[in-house]
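So you know, we letter chains A, B, ... as the sequences are listed, proteins then strands, and number each from 1. Source: prediction; values computed, not measured.
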Protein chains: 2
Amino acid sequence: MKNLDVEECCKGDSVKLKQLKELSEYLKIISDVNRLQILCLLKKGERCVCNIHEPLGLPQNLTSHHLKALREAGLVLTRREGKWIHYRVNSDRINYFTNLYNLIVSGGEYEDQGIGAGMCQLQEAGG
Amino acid sequence: MKNLDVEECCKGDSVKLKQLKELSEYLKIISDVNRLQILCLLKKGERCVCNIHEPLGLPQNLTSHHLKALREAGLVLTRREGKWIHYRVNSDRINYFTNLYNLIVSGGEYEDQGIGAGMCQLQEAGG
DNA sequence: CTAATATATCAACAATCATTGATATAACTA
DNA sequence: TAGTTATATCAATGATTGTTGATATATTAG
């Protein structure tokens with residue numbers, strides 16, 4: 001093995017690994033094309049389930065399944081109005097994970113969401 | 001079904017759907033915890049495979065497998081030096097997908113990568 | 001040439017997850 | 001009340017994918 005001062009990024013440090021797992025689960029949720037399409041629709045405004053699954057050409061139960069995943073991840077919020085349940089994007093949560101993404105994967109910039117200072121360490125400190 | 005002017009975002013428009021699929025595949029690649037850890041390490045600088053799989057405690061063949069996925073997605077680049085193959089992050093490619101992510105999922109801001117103008121339509125135009 | 005090291009590949013297995021069909025729940029309407 | 005609409009749940013299936021063990025390739029050292 002080539003001699004190198006191995007800093008052991010991401011290993012043994014439960015806090016950092018926890019954040020990596022958190023990001024990983026978010027990315028898994030949004031990496032499905034149908035769920036990305038749903039988020040696209042909802043970014044334009046609140047919609048009931050009909051007005052999600054019909055324009056996208058997805059079965060109602062499949063759409064409900066994906067909405068459940070997005071809901072459980074906190075990425076969308078709901079509001080009942082009579083027979084209808086309206087879904088909308090939870091921007092705060094999306095922004096939170098976007099900051100996490102930017103800190104871990106992309107550069108180091110971030111908006112104020114309270115996860116900035118500690119996260120920068122992820123690139124430097126050892127476990 | 002509730003009456004609503006359905007714009008049919010993301011449906012029937014091959015260009016937009018293609019970009020959604022492109023983003024989807026990128027997100028799938030980076031949504032694995034081990035691959036995220038590898039990217040974390042490589043962000044600090046070039047590394048041979050030993051200096052990736054040993055500090056992370058991953059089997060060599062598993063690491064090779066994940067590196068192949070990252071390589072085929074263009075997210076990392078390689079350089080041979082004797083027995084060793086050094087891996088490094090392909091920042092341009094990461095930035096490209098980060099812009100795609102920001103346009104589709106997050107807000108609308110983006111850096112100059114040539115995919116800006118068309119992508120904003122994704123939120124507005126119909127199929 | 002032979003041995004050792006670094007990395008990649010392949011086949012098999014296990015686990016995860018998207019999709020489908022059927023059914024249940026909830027709310028409104030007649 | 002019964003019937004209709006909107007949405008959710010459940011079980012089963014199929015596809016994808018992460019993981020492992022064994023083996024192959026490539027490079028250097030002796």
Side-chain angles (χ1 to χ4, degrees), chain A residues 1-4 6 10 17 20-21 23-39 41-42 46-73 75-88, chain B residues 1-4 6 10 17 20-21 23-39 41-42 46-73 75-88:
Chain A
M1 163 162 164
K2 195 149 198 208
N3 192 15
L4 184 71
V6 178
C10 312
L17 194 55
L20 279 179
K21 286 179 181 171
L23 176 62
S24 165
E25 292 192 10
Y26 165 68
L27 294 173
K28 283 200 174 88
I29 294 291
I30 66 167
S31 67
D32 180 86
V33 176
N34 288 331
R35 287 195 287 263
L36 274 178
Q37 281 186 297
I38 291 172
L39 284 177
L41 271 185
L42 295 182
E46 202 181 48
R47 271 171 193 255
C48 66
V49 180
C50 301
N51 283 324
I52 296 171
H53 89 257
E54 292 202 354
L56 294 180
L58 296 177
Q60 179 269 322
N61 56 350
L62 179 57
T63 304
S64 189
H65 170 75
H66 287 311
L67 285 171
K68 184 182 184 184
L70 291 169
R71 212 189 323 126
E72 288 180 345
L75 302 179
V76 297
L77 299 171
T78 61
R79 174 180 69 85
R80 178 178 278 276
E81 182 187 290
K83 280 187 287 189
W84 298 279
I85 297 182
H86 297 271
Y87 280 79
R88 64 184 187 279
Chain B
M1 162 163 162
K2 196 151 198 205
N3 192 16
L4 183 73
V6 179
C10 314
L17 193 55
L20 279 179
K21 286 179 180 171
L23 176 63
S24 165
E25 292 193 11
Y26 165 70
L27 295 173
K28 283 199 172 88
I29 295 290
I30 66 167
S31 68
D32 179 86
V33 176
N34 289 332
R35 288 196 287 265
L36 274 179
Q37 281 186 296
I38 291 173
L39 285 178
L41 272 185
L42 296 183
E46 203 179 49
R47 271 172 193 252
C48 66
V49 180
C50 301
N51 283 324
I52 296 170
H53 89 257
E54 293 202 354
L56 295 180
L58 296 177
Q60 179 270 320
N61 56 351
L62 179 57
T63 305
S64 190
H65 170 76
H66 286 312
L67 285 171
K68 184 180 184 184
L70 292 169
R71 212 189 321 125
E72 288 180 345
L75 303 179
V76 297
L77 299 171
T78 61
R79 174 180 69 86
R80 178 178 278 277
E81 184 187 288
K83 281 189 287 191
W84 298 278
I85 297 182
H86 296 271
Y87 280 79
R88 65 184 186 278

- Note on the structure: With sequence neighbours left out, the residues meeting side-chain contact (heavy atoms from CB on, under 4.5 Å) with A:Leu42 are A:Ile38, A:Arg47, A:Ile52, A:Val76, A:Tyr87, A:Val89
- Round to the nearest Å and state the distance from A:Lys68 atom NZ to C:dT19 atom P. 16 Å
- Note on the structure: For B:Cys50 and B:Pro55 the tightest heavy-atom approach is O-CD, 3.6 Å
- Can you tell me the distance, in whole Å, between the CZ atom of A:Arg79 and the P atom of D:dT7? 12 Å
- Among C:dA8, D:dA8, D:dT27, the one nearest B:Arg80 by side-chain distance: D:dT27
- Query: For the pair made of NZ in B:Lys83 and P in C:dA3, what is the distance, rounded to whole Å?
  - Reply: 16 Å
- Message: Checking A:Arg79 now: which residues fulfil salt bridge (Lys or Arg N to Asp or Glu O under 4.0 Å) with it, not counting sequence neighbours?
- Response: A:Glu46, A:Glu81
- Task: Would you please name every residue forming a side-chain contact (heavy atoms from CB on, under 4.5 Å) with A:Lys83, sequence neighbours left out?
- Result: none
- In whole angstroms, the gap separating P of D:dA6 from CZ of A:Arg47 amounts to 16 Å
- Length of the line joining A:Glu81:CD and C:dA26:P, which is rounded to integer Å: 19 Å
- How many angstroms lie between atom NE2 of A:His53 and atom CG of A:Leu41, to the nearest 0.5 angstrom? 12.0 Å
Pairs under 3.5 angstrom only: tabulate donor-acceptor contacts from the side chains of residues 25-32 of chain B to other protein residues two or more places apart or in another chain.
residue: B:Tyr26; atom: OH; partner: A:Tyr101; partner atom: OH; Å: 2.6
residue: B:Lys28; atom: NZ; partner: A:Ser31; partner atom: O; Å: 3.2
residue: B:Lys28; atom: NZ; partner: B:Ser24; partner atom: OG; Å: 3.3
residue: B:Ser31; atom: OG; partner: B:Leu27; partner atom: O; Å: 3.3
residue: B:Ser31; atom: OG; partner: B:Lys28; partner atom: O; Å: 3.0
residue: B:Asp32; atom: OD2; partner: B:Asn34; partner atom: N; Å: 2.9
residue: B:Asp32; atom: OD2; partner: B:Arg35; partner atom: N; Å: 3.1

- How long is the line joining CD1 of A:Ile30 and C1' of C:dC17, in whole Å? 17 Å
- Assign a letter to each nucleotide of nucleotides 17-23 of chain D from its 5' end: B, base within under 4.0 Å of a protein heavy atom; S, sugar-phosphate only; -, no contact. -SBBBB-
- Message: Quick check for you: among C:dA27, D:dT28, C:dA8, whose closest atom lies nearest to any side-chain atom of B:Ser64?
- Response: C:dA8
- Message: Distance check needed: C:dT7 C1' versus B:His53 NE2, whole Å only.
- Response: 10 Å
- Query: Rounded to the Å, how far apart are A:Tyr87 OH and D:dA6 P?
  - Reply: 15 Å
